[in-house]
Amino acid sequence: VQTCALPISPCVLACLAGLCVSAQSQDAMRLRGNIDSVSGEQLRVSPSAGITIPVELKPQTYVQTVTKAQASDLKEGTQIGAQVRTQPDATLNAVLIIIFASSEQATAQPADANLMVGQIVAQEKGEMGPVFTIKYADGQKRIVLTTDAQLWRVNAGQVSDLRKGASVSLSATKQSD
């Protein structure tokens with residue numbers, strides 16, 4: 001299973017098995033940019049001005065879309081990834097919350113100082129905003145959803161979601177010519 005980095009802007013994520021570029025190795029790589037064109041089984045992606053990379057879509061291409069989410073989407077049982085900022089009083093304020101599609105159950109992982117992946121198990125009203133209790137592999141933590149937190153939802157997508165002008169972040173393997 002390939003993993004995709006989640007950007008902080010609306011985009012389409014494509015985890016691809018093949019990337020057609022001139023290279024002698026089978027090294028995995030990440031590529032971010034905009035889709036310049038889509039033709040059959042091939043994309044042309046521009047990571048920066050003046051550079052275009054052809055990307056071959058394989059049958060096993062896995063696509064996810066990322067859309068803006070709302071605080072009302074956060075409910076008990078929801079799987080999330082949360083980036084947090086620790087306040088002087090040790091309160092954890094959410095900076096970014098990614099909601100995973102129900103079909104994409106995230107694996108609860110140990111929390112570090114700024115990142116956790118787990119499930120919302122409780123919520124309550126707080127002085128600074130809603131407070132969510134997140135259960136992760138090593139325990140539970142409470143995070144505050146302030147008004148400046150970014151909320152995104154990852155959804156299962158289709159190859160047809162890959163359109164000219166869309167932003168993409170993909171994992172791929174360099175293929176020799």
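Computed from a predicted structure; not experimentally measured.
Within a 6.0 Å radius of NZ in K125, no more than 12 heavy atoms belonging to other residues, nucleotides or ligands are found.
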Please tabulate, for the side chains in residues 86-100, all donor-acceptor contacts under 3.5 angstrom to protein atoms that are two or more places apart in sequence or on a different chain.
residue, atom, partner, partner atom, Å
Q87, NE2, R85, O, 3.4
D89, OD1, T91, N, 2.9
D89, OD1, T91, OG1, 2.8
D89, OD2, T91, OG1, 3.1

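Of the inter-residue distances, the one linking L162 atom CG with I35 atom CD1 reads 4.5 Å to the nearest 0.5 angstrom. Atoms OG1 and CD, on T133 and Q140 in that order, are 6.0 Å from each other to the nearest 0.5 Å. For the atom pair Q150 CD and D148 CG, the distance stands at 9.0 Å (nearest 0.5 Å). A distance of 7.5 Å separates CD of Q42 from OG of S37, quoted to the nearest 0.5 Å. Annotation: the span from T78 atom OG1 to Q119 atom CD amounts to 8.0 Å, rounded to 0.5 Å. Expressed to the nearest 0.5 Å, how far CG of L170 lies from CG of L43 amounts to 8.0 Å.
Scanning for salt bridge (Lys or Arg N to Asp or Glu O under 4.0 Å) contacts around E127 gives an empty result, with sequence neighbours left out. With sequence neighbours excluded, the residues satisfying salt bridge (Lys or Arg N to Asp or Glu O under 4.0 Å) with D73 are R153.
At distances below 3.5 Å, not a single donor-acceptor pair connects side-chain atoms of E76 with backbone N or O atoms of A122. Side-chain atoms of S46 come within 3.5 Å of backbone N or O of I51 as a donor-acceptor pair.
V144 is not connected to M116 by any chain of hydrophobic side-chain contacts under 4.5 Å among Ile, Leu, Val, Met, Phe, Trp and Tyr, and they are in different clusters.
Between I143 and A82, the closest heavy-atom pair is CD1-CB, 4.0 Å. Scanning both residues, A71 and L145, for their nearest heavy atoms gives CB-CD2, 3.7 Å.
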Does R142 form a salt bridge (charged side-chain N to carboxylate O under 4.0 Å, His left out) with E124? I'd like the steps, not just the answer.
CA-CA 10 Å; R142 292 168 34 109; E124 61 191 74; 3.0 Å; yes
